[in-house]
Amino acid sequence: MSERDVSPAAESTPACRGRWNATGLLLGMLGDAGGALVGWVTARPMYQCEGIVYIAPNMPTPQDPAGVNVLPFFNGFVAYQVQLLESIHVANLAVATTPWQKSGEGATAEVAQRFFDRRSIVHKPDTQHILVRFTDPSPDVALAGVRALLDAYSMLTAEESAKDDRLTLVSTQADVLAAQRKDGEAKLNERVAAFGGIEGLELRHKATVDRLLAAEAAQEKLPRTPVEHLDSLRQESVRLGQVRVEVSGLRAESEDLGRRLEQMRALKEQLSAQLVGKGRISISHSGTRPQSPIESDWARRAAVGAAVGASLGVGFAALWFLRRRTPARPAA
């Protein structure tokens with residue numbers, strides 16, 4: 001009797017069941033070992049390099065020479081630096097830096113995306129340090145990644161320092177405009193002081209013009225009768241007209257200086273709101289070449305491979321067992 005002709009009753013005996021159990025166990029163990037081996041072989045050791053950015057919470061300022069007071073909204077400022085380091089913009093800048101170019105990894109869009117995926121930024125709340133990490137199968141590339149990221153970030157903070165220099169320039173220009181406006185207003189006030197101010201000048205000019213018109217009208221009615229003070233009225237009208245033109249120019253200049261001063265002050269406030277002062281941000285550690293890999297994912301890969309292999313082995317044994325229990329079809 002062939003193995004195929006074994007009856008279902010015979011296959012349900014303890015000996016037969018033990019044989020199928022042993023077969024399933026053996027296949028499960030082989031699949032387990034095979035899957036673990038595949039997972040271990042395909043795993044790659046990973047190296048991680050770490051740099052540190054330090055942000056000073058307080059610094060000496062003209063208002064606080066001892067640097068006792070903490071920067072207002074300091075935590076928010078640090079959070080902004082974290083967002084800046086995490087941005088794809090910094091990653092795009094990083095792949096163009098010298099440390100990364102020396103690594104030979106390239107600077108394409110795909111490389112920038114891979115760079116972005118392999119960097120990580122860690123910051124604990126209410127602390128002054130930001131950890132910059134880069135993970136790669138190569139320890140040299142891991143180091144290059146950290147230094148490239150820090151270089152890119154430093155370029156952006158250098159731009160902020162340039163804004164700080166611009167703030168100084170804008171402040172100086174605002175002071176010059178304020179001084180010029182003050183001098184112009186002093187000249188204007190001095191010019192109209194004899195008339196009791198601008199309003200007094202206008203009233204006097206109007207009165208002179210009215211008298212002149214009246215005198216000229218009287219002269220036309222009585223051309224042979226000389227009108228007293230007609231020439232002096234004309235001279236006074238001309239003089240007052242010249243003063244009015246001069247005052248009008250001084251007023252226009254003062255108003256223009258005022259508008260420019262307000263613009264400078266608005267720009268100064270805008271730049272002041274963006275800046276926290278030079279020297280607050282520093283790179284306290286630029287990273288060193290990692291000597292040993294971090295905990296690799298080989299254990300996870302091996303565990304997954306073992307589970308898949310064992311499942312396949314046991315499943316194959318179960319299918320075989322079910323197939324053996326199926327009665328053979330009678331021949332036609």
Side-chain angles (χ1 to χ4, degrees), residues 39-56 73-164 274-276 279-305:
W40 181 80
V41 170
T42 57
R44 301 175 66 186
M46 301 296 287
Y47 293 84
Q48 186 177 85
C49 183
E50 182 177 277
I52 302 175
V53 176
Y54 174 71
I55 303 178
F73 309 110
F74 176 74
N75 289 334
F77 175 74
V78 176
Y80 171 74
Q81 303 307 313
V82 173
Q83 293 175 4
L84 193 63
L85 284 163
E86 289 178 338
S87 67
I88 188 66
H89 176 55
V90 173
N92 290 333
L93 292 176
V95 297
T97 60
T98 300
W100 187 256
Q101 291 298 309
K102 287 183 177 180
S103 71
E105 293 294 305
T108 63
E110 292 78 10
V111 171
Q113 184 60 50
R114 186 166 66 249
F115 185 100
F116 180 79
D117 295 336
R118 290 185 176 176
R119 63 96 189 96
S120 61
I121 310 300
V122 180
H123 172 252
K124 294 182 180 180
D126 301 321
T127 62
Q128 298 85 44
H129 295 88
I130 303 174
L131 305 183
V132 178
R133 293 171 178 170
F134 196 89
T135 305
D136 194 86
S138 167
D140 294 319
V141 174
L143 174 61
V146 165
R147 291 185 173 175
L149 193 63
L150 292 175
D151 279 5
Y153 175 68
S154 297
M155 284 191 291
L156 291 181
T157 55
E159 292 178 3
E160 295 299 317
S161 295
K163 289 182 181 179
D164 204 358
Q274 296 174 357
L275 299 175
V276 294
R280 186 176 296 278
I281 301 174
S282 61
I283 308 300
S284 62
H285 182 57
S286 60
T288 56
R289 185 180 185 276
Q291 299 301 314
S292 58
I294 60 175
E295 183 179 355
S296 176
D297 62 348
W298 71 266
R300 180 181 60 82
R301 286 174 177 260
V304 172

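One is the number of the first residue; the rest follow in order along the sequence.
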Straight-line distance of Leu150 CG to Ser286 OG, nearest 0.5 Å: 7.0 Å
Step by step, work out the side chain to side chain contact (heavy atoms under 4.5 Å, CB included) result for Val141 and Tyr47. CA-CA 9 Å; Val141 174; Tyr47 293 84; over 6 Å; no
Considering only residues two or more places apart or on different chains, which pairs with a residue in residues 282-294 satisfy salt bridge (charged side-chain N to carboxylate O under 4.0 Å, His left out)? Asp140-Arg289
Can you run down the side-chain hydrogen bond (donor to acceptor under 3.5 Å, both in side chains) pairs that involve residues 87-102, sequence neighbours left out, and say none if there aren't any? none
Quick one: side chain to side chain donor-acceptor pair (under 3.5 Å) partners of Thr108, sequence neighbours excluded? Glu110
CA sep, side-chain torsions, deciding dist, call: Glu105, Arg114, side chain to side chain contact (heavy atoms under 4.5 Å, CB included): CA-CA 10 Å; Glu105 293 294 305; Arg114 186 166 66 249; 4.0 Å; yes
Would you please name every residue forming a side chain to side chain donor-acceptor pair (under 3.5 Å) with Glu86, sequence neighbours left out? none
Applying side chain to side chain donor-acceptor pair (under 3.5 Å), name anything that partners Arg119, two or more places apart in sequence or on another chain. none
Start with the C-alpha gap between Tyr153 and Val53, add the side-chain angles, then the distance that decides, and say whether side chain to side chain contact (heavy atoms under 4.5 Å, CB included) holds. CA-CA 10 Å; Tyr153 175 68; Val53 176; 3.8 Å; yes
Among pairs that include at least one residue of residues 122-133, which meet salt bridge (charged side-chain N to carboxylate O under 4.0 Å, His left out), considering only residues two or more places apart or in two chains? Glu50-Arg133
Roughly how far, to the nearest 0.5 Å, is the CG atom of Asn75 from the OG1 atom of Thr127? 8.5 Å
Euclidean distance, Ser138 OG relative to Met46 CE, rounded to 0.5 Å: 10.0 Å
Can you list everything that forms a side chain to side chain donor-acceptor pair (under 3.5 Å) with Gln83? Sequence neighbours excluded, please. none
Hits for ring pair (Phe, Tyr, Trp, His ring centres under 6.0 Å) against His129, two or more places apart or cross-chain, chain-then-number order -> Tyr54
List the steps, then state whether side chain to side chain contact (heavy atoms under 4.5 Å, CB included) holds for Ile121 with Val132. CA-CA 5 Å; Ile121 310 300; Val132 178; 4.1 Å; yes
